[in-house]
Amino acid sequence: MQMPALTLQDYRRLAQERMERPVWDFFEGGAGEEHTLAANERAFDRVRLRPTVLRPAAGPDTTCKILGRTWAAPIGVAPMAFHTLAHPDGELATVRAAAARGLPVTVSTFAGRACEELAAAAAGAPLWLQLYCFRDRSVTRRLIERAERAGAEALVLTVDAPRLGRRLRDVRNDFRLPPHIVPANLDGGGFSSPAAHARAELDPSLDWSAVPWLRSVTSLPVLVKGVLTAPDALRAVEAGVDGIIVSNHGGRQLDGVPATLEALPEIAAAVRGACPVLIDGGIRRGRDVLACLALGADAALVGRPVLHGLAAGGEDGVGGVLDILLEELQDAMTLTGTRSLADILPDLVRTGEPW
Ligand SMILES: Cc1cc2nc3c(=O)[nH]c(=O)nc-3n(C[C@H](O)[C@H](O)[C@H](O)COP(=O)(O)O)c2cc1C
Ligand SMILES: O=C(O)C(=O)c1ccccc1
């Protein structure tokens, strides 16, 4: 009998056993030498927690409020293209699993399932849409209108991808999407290599005027994803964004940028509560979420582990991954004497050597 998966690392192993190498490489890989990819996870290995003892915190309150909506915990699913590569149910399974736990999902521009069925599956849990801005703005506008009509609650504009990063694993594998893997919410389509498509279609001249442009076509809140410095965070606040996601795209864009956990404190200090600050990249344990909050984030998004759960067991697998994170977060809060998220302050962490 197979041992039950107890950690996200267990799910990673299960997924790898089930997946073909080129698809695995597409999911796991990063740009260039993958230094930034590795740094994201390693940054959490330098975190030391400083518990407060004899301050009972059993059954801690993990709920948080983001953009006026209550999340069961400060944990969401980061936008990732083509969940259908991991499992035929694709994003439908991901959204069902997250919504059942009161957690939000950000659906990628390149989702493999239609946003109408995803909104129905979300059953009231927050559903956000990630936007790549195309050269042809009418494609982006139609995507926004469709998602808004379906019930998407916020737009996440990805700002670290004037073009797709150079992912050497995909180049070496000459990775192409199987013909049945198509973006369900874009008209047009008809491409096989995601890199080639994104290179042809993403707008390399995108600038900060994208934010007022989005305001002119939608009334939804707008977040920017991919900010790594305080000056850019301030520019985003000046542009009037409703939220900032500190992200290096899981190390898939520019190799050589810092781990997101390292970038977080200067951004949180610059933003000073003007809007929510979220983070993604390398979050693999409940206590990593605690570290993000201590260093100034309002919530953390999880990427690849969700695809691992999906590949390992569809909706149940994603549910398993999210349950582990939720339980580990509760455990870490209980054992650090943190009764609610408001108790998670900078003093809760120190930075040390990697384990
Ligand atoms: C397979 C894959 C596809 C992704 N697709 C998108 C995407 O379509 N849009 C986007 O903004 N980010 C995309 N990302 C980046 C994630 O949103 C997120 O920034 C990153 O995966 C978080 O890091 P983690 O995987 O270490 O948790 C993708 C990441 C992966 C692994
Ligand atoms: O954004 C990404 O990281 C990504 O992998 C992707 C895949 C297909 C189309 C666009 C982006």
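All heavy atoms count here, side chains included; hydrogens, waters and symmetry mates do not. Start at 1 and go down the list; that is how both ligands and their atoms are numbered.
Residue G282 approaches ligand 1 through these ligand atoms, each under 4.0 Å from one of its heavy atoms: 24 (P), 26 (O), 27 (O). Using a 4.0 Å cut-off to heavy atoms of R284, the atoms of ligand 1 that qualify are 24 (P), 25 (O), 26 (O), 27 (O). Close contacts between ligand 2 and L164 involve ligand atoms 11 (C) [criterion: under 4.0 Å to a heavy atom]. Close contacts of ligand 1 with G250, meaning ligand atoms under 4.0 Å from a residue heavy atom, involve 19 (O), 20 (C), 23 (O). Per-residue contacts place F27 under 4.0 angstrom from the following atoms of ligand 1 (heavy atoms of the residue considered): 1 (C), 31 (C). In summary, the atoms of ligand 1 found under 4.0 Å from a heavy atom of S247, numbered by their order in the structure, are 19 (O). Per-residue contacts place F26 under 4.0 angstrom from the following atoms of ligand 2 (heavy atoms of the residue considered): 5 (O), 7 (C). Short contacts between ligand 1 and S108, defined as distances under 4.0 Å to a heavy atom of the residue, involve ligand atoms 7 (C), 8 (O). Residue contact check: T158 has heavy atoms under 4.0 Å from atoms 10 (C), 11 (O) of ligand 1. The contact set between ligand 2 and A81, taken as ligand atoms under 4.0 Å from a residue heavy atom, comprises 7 (C), 8 (C).
Under a 4.0 angstrom heavy-atom cut-off, M80 registers as lying outside contact with ligand 2. Not a single heavy atom of E41 sits less than 4.0 Å from an atom of ligand 1. Within the structure, ligand 1 has Y132 among the residues with a heavy atom less than 4.0 angstrom away.
Partner of Q253 under the side-chain hydrogen bond (donor to acceptor under 3.5 Å, both in side chains) criterion, chosen from R166, R167, R163: R167. When each of E17, H308, E28 is checked for a side-chain hydrogen bond (donor to acceptor under 3.5 Å, both in side chains) with R12, only E28 meets the rule.
In this model, no donor atom of one side chain and acceptor atom of the other lie less than 3.5 Å apart for Q130 and T106. For the residue pair N248 / N40, a side-chain donor-acceptor distance below 3.5 Å is found, with atom types taken as modelled.
Considering backbone and side-chain atoms alike, A78 places every N or O at 3.5 Å or more from each N or O of ligand 1. The distance criterion of under 3.5 Å between nitrogen or oxygen atoms is met by G303 with respect to ligand 1.
At a heavy-atom cutoff of 4.0 Å, ligand 1 is contacted by no atom of E28, backbone or side chain. The proximity of H249 to ligand 2, defined as any non-hydrogen pair under 4.0 Å, is limited to the side chain.
Proximity annotation for atom 28 (C) of ligand 1: of H308, M80, R167, M80 comes nearest, heavy atoms only. Nearest-residue assignment for atom 22 (C) of ligand 1 (options D280, L307, L301; heavy-atom criterion): D280. By heavy-atom distance, the residue among R304, H83, R252 lying nearest atom 30 (C) of ligand 1 is R252. Between atom 23 (O) of ligand 1 and the options A300, P183, G281, the minimum heavy-atom separation is to G281.
At distances below 3.5 Å, at least one donor-acceptor pair connects side-chain atoms of D10 with backbone N or O atoms of T7. Judged by distance alone, the side chain of R304 and the main-chain N or O of G250 form a donor-acceptor pair under 3.5 Å. Remark: the backbone N or O of R13 is not paired with any side-chain donor or acceptor of Q16 at under 3.5 angstrom. Proximity of a side-chain donor or acceptor of D255 to a complementary backbone N or O of T36 within less than 3.5 Å is detected.
Legend: side-chain hydrogen bond (donor to acceptor under 3.5 Å, both in side chains) pairs involving residues 269-284, not counting sequence neighbours, sorted by first then second residue: E41-R284, S247-D280.
For atom 16 (C) of ligand 1, the closest non-hydrogen atom on the protein side is P79 O, 3.3 Å. With hydrogens left out, the protein atom closest to atom 12 (N) of ligand 1 is K225 NZ, 2.9 Å, a heavy atom.
A salt bridge links R101 with D323: the distance from a Lys NZ or Arg NE/NH1/NH2 to an Asp or Glu carboxylate oxygen falls below 4.0 Å. Under 4.0 Å is where a charged nitrogen must lie from a carboxylate oxygen, and between D347 and R350 at least one such pair does.
Both tests do not hold together for R169 against W24: distance to the six-membered ring centre under 6.0 Å, angle to the ring axis within 45°.
In this structure, L301 shares a hydrophobic cluster with I66, L67, W71, W128, V156, L223, I245, L278, the cluster being traced through Ile, Leu, Val, Met, Phe, Trp and Tyr side chains under 4.5 angstrom apart.
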